[in-house]
Amino acid sequence: MAAASFDGLSASYSNTGYMGIPLCALALGQEGLAPAIISTFIVFVMFALATVLIEIGIQSHKKSHEILLGVIKSLCTNPLLIAPVAGLLWASSGFTLYEPILHKSLHF
């Protein structure tokens with residue numbers, strides 16, 4: 001199951017989070033952001049699901065509660081899952097970036 005999950009993720013992964021959003025914004029303006037952001041959310045869900053399936057496949061010889069703990073640990077330590085959640089929490093918190101970073105990031 002682990003190999004099949006990894007193969008499925010590799011075959012269906014779209015790099016919208018790193019390249020798609022800036023390219024859509026550049027090529028299509030604000031109207032292009034919604035589809036790119038939706039695609040990025042779908043990729044986030046795919047990473048989480050693939051992580052769960054890979055961990056279940058790797059740990060299939062263990063007891064169910066050990067598998068569950070392994071899956072939770074893997075989800076909580078995966079930077080591809082932590083970064084979007086951290087960004088969402090930061091954006092919804094109302095905090096702002098340090099002023100020079102804010103101005104630099106707006107002029108990429």
Side-chain angles (χ1 to χ4, degrees):
M1 181 173 8
S5 300
F6 187 74
D7 290 345
L9 179 64
S10 297
S12 61
Y13 173 72
S14 63
N15 197 1
T16 56
Y18 306 109
M19 295 296 292
I21 293 174
L23 289 174
C24 283
L26 181 66
L28 305 171
Q30 293 288 31
E31 296 82 25
L33 289 178
I37 291 171
I38 291 168
S39 296
T40 301
F41 177 74
I42 291 169
V43 168
F44 174 79
V45 173
M46 284 175 41
F47 271 127
L49 182 60
T51 299
V52 169
L53 294 174
I54 290 168
E55 285 298 321
I56 290 171
I58 290 172
Q59 300 180 29
S60 61
H61 63 282
K62 295 182 179 180
K63 295 179 182 177
S64 60
H65 71 279
E66 292 173 334
I67 294 173
L68 180 62
L69 290 175
V71 167
I72 292 170
K73 179 183 175 193
S74 185
L75 288 172
C76 292
T77 58
N78 187 335
L80 295 172
L81 301 175
I82 294 171
V85 171
L88 182 62
L89 291 173
W90 182 271
S92 64
S93 72
F95 292 126
T96 59
L97 293 173
Y98 178 62
E99 196 68 26
I101 296 173
L102 178 63
H103 291 296
K104 181 71 174 171
S105 66
L106 293 177
H107 302 288
F108 60 89

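- Annotation: the span from Ser5 atom OG to Met46 atom CE amounts to 11.5 Å, rounded to 0.5 Å.
- Both Leu49 and Val71 sit in one connected hydrophobic cluster of ILVMFWY residues. Membership requires side-chain heavy atoms under 4.5 Å apart, directly or through other members.
- With values rounded to the nearest 0.5 angstrom, Leu75 atom CG is found 12.5 Å from Phe47 atom CZ.
- From Ile67, atom CD1 reaches atom CD of Gln59 across 6.5 Å, with rounding to the nearest 0.5 Å.
- Residues Val85 and Leu81 are not in side-chain contact: their nearest non-hydrogen atoms beyond the backbone lie 4.5 Å or more apart.
- Between Ile56 and Met1 there is a side-chain heavy-atom pair separated by less than 4.5 Å.
- When side chains are defined from C-beta on, Leu69 does not count as touching Lys73, because their heavy atoms never get closer than 4.5 Å.
- Linking Ile, Leu, Val, Met, Phe, Trp and Tyr residues whenever their side-chain heavy atoms come within less than 4.5 Å places Leu89 and Leu80 in a single cluster.
- Taking hydrophobic clusters as Ile, Leu, Val, Met, Phe, Trp and Tyr residues chained together by side-chain heavy-atom distances below 4.5 Å, Leu53 does not share a cluster with Leu68.
- Residue pairs that meet the side chain to side chain donor-acceptor pair (under 3.5 Å) test with at least one member in residues 78-94, sequence neighbours left out, are Thr51-Asn78.
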Let me check something: any side-chain donor-acceptor pairs from residues 20-32 under 3.5 Å, sequence neighbours excluded? List them with distances.
none

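- Here the shortest heavy-atom pairing between Gly70 and Glu55 reads O-OE1, 4.0 Å.
- Residues Ile42 and Ile82 do not share a hydrophobic cluster, defined by chaining ILVMFWY side chains whose heavy atoms lie under 4.5 Å apart.
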